[in-house]
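Ligands are counted one by one from 1 in listed order, and the atoms in each one are counted from 1 as well. Since the structure is predicted, the reported quantities are computational estimates derived from the model, not experimental observations.
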Amino acid sequence: VDLSVTWLGRTMPGCLYNASGVWCREEDELEAVRASAAAALISKSATLAPREGNPEPRYHRTALGSINSMGLPNRGFAYYLDYARRYDYACGKPLFLSLSGMTLEDNLTMLRTLAAAGLPAIPEINLSCPNVPGKPQLGYDFVATTEALNAFDQAWPGRYGVKLPPYFDQAHFAAMAEILNRHPRLAFVTCINSIGNGLVVDIDSEAVAIKPKDGLGGLGGDYVLPTALANVREFYRLLPGKDIVGCGGVRSGREAFMHILAGARAVQVGTCLYHEGPAAFARIAAELAELMQAKGYRKLDDFRGRLRTL
Ligand SMILES: CC(C)(C)CCc1c(C(=O)O)[nH]c(=O)[nH]c1=O
């Protein structure tokens with residue numbers, strides 16, 4: 001069984017890697033992912049300046065997944081750029097850098113600096129990044145998204161990707177697709193980021209689970225799998241020629257299989273990785289291979305995007 005993935009002009013040895021934000025803020029975490037069965041790696045969304053992030057508790061696990069309001073804690077763009085300068089690209093595992101500037105100008109500064117460095121690292125720009133206060137996150141503001149993508153095309157000469165928040169309305173899928181399809185160098189979209197502003201309540205303490213935002217936070221894990229699959233499948237249909245990276249609810253070979261069936265080129269693991277660590281990649285890959293073997297599939301192209309409707 002062959003789990004390799006060819007995209008962005010290269011072949012990665014498998015189809016699984018980390019979701020930005022999980023096991024990727026510090027160099028030792030990135031190195032642990034790279035040394036694992038992960039087939040690629042992506043860094044924690046970088047802002048221009050380092051950030052402490054929100055007060056703790058800011059992450060909480062539940063029986064069905066996770067809630068977080070981390071607040072973009074990261075070492076700052078220069079730290080991840082330095083890692084990208086020293087990275088051994090010949091290892092065959094692509095390095096992605098997630099960017100989440102506090103302003104559009106910061107995103108452009110990071111893109112221009114990365115371009116000047118001339119490295120094989122690929123930017124994945126986080127469209128859940130903060131927008132003007134009082135306005136929705138960038139990915140939910142179609143005018144701001146249009147302006148941002150036009151600016152990214154000017155600041156970055158190569159191929160890039162964006163991390164999308166989940167959409168829940170057919171008109172929103174269509175509106176975003178119309179925008180994304182105007183950008184030929186936008187090579188991939190990663191669906192989905194956490195489902196925003198959930199609220200977890202503890203009935204014993206009669207309190208919320210996390211401190212920031214009076215308990216509101218992004219949901220991950222089992223909670224988000226159907227929404228993640230829907231976003232993968234809709235954008236797979238709506239963005240011909242672009243790759244979709246599946247993210248959301250992957251905890252075994254089964255969910256990885258579902259994401260690829262829905263059209264995913266590669267698959268990211270977040271909440272499950274947070275708790276299991278990088279050993280999760282070998283386990284999930286083995287489970288996926290076993291599932292493919294049982295179904296008579298030899299490679300991912302045998303079933304990618306073949307989700308049947310009734
Ligand atoms: C939510 C933001 C802080 C604006 C961006 C960073 C981010 C965070 C975070 O750092 O809180 N958590 C997520 O689940 N997704 C994200 O994209």
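For ligand 1, one of its N or O atoms has an N or O atom of L72 under 3.5 Å away. Ligand 1 has an N or O atom lying under 3.5 Å from an N or O atom of G71, backbone or side chain. Remark: ligand 1 and M70 share an N or O pair separated by less than 3.5 Å (distance only, no angle test). Annotation: S100 places no N or O atom under 3.5 Å from an N or O atom of ligand 1; distance criterion only.
Residue-ligand proximity, S194 to ligand 1, at heavy-atom distances under 4.0 Å covers atoms 13 (C), 14 (O), 15 (N). Of all atoms in ligand 1, listed by their number and element, those nearer than 4.0 Å to a heavy atom of N68 are 8 (C), 9 (C), 11 (O), 12 (N), 13 (C), 14 (O).
Within the 4.0 Å heavy-atom shell around ligand 1 one finds S128.
For the pairing with M176, the side chain to side chain contact (heavy atoms under 4.5 Å, CB included) check across L238, L164, L239, N181 returns one residue only, L164. Under the side chain to side chain donor-acceptor pair (under 3.5 Å) rule, Y83 has a single partner from E27, E31, E26, which is E31.
Salt-bridge annotation for R251 and E287: absent, with no side-chain N of the basic residue lying under 4.0 Å from a carboxylate O of the acidic one. Between R85 and D82, no side-chain nitrogen of the basic residue sits less than 4.0 Å from a carboxylate oxygen of the acidic one, so the salt-bridge criterion is not met.
Proximity of N193 to ligand 1, defined as any heavy-atom pair under 4.0 Å, is confined to the side chain (atoms from C-beta onward).
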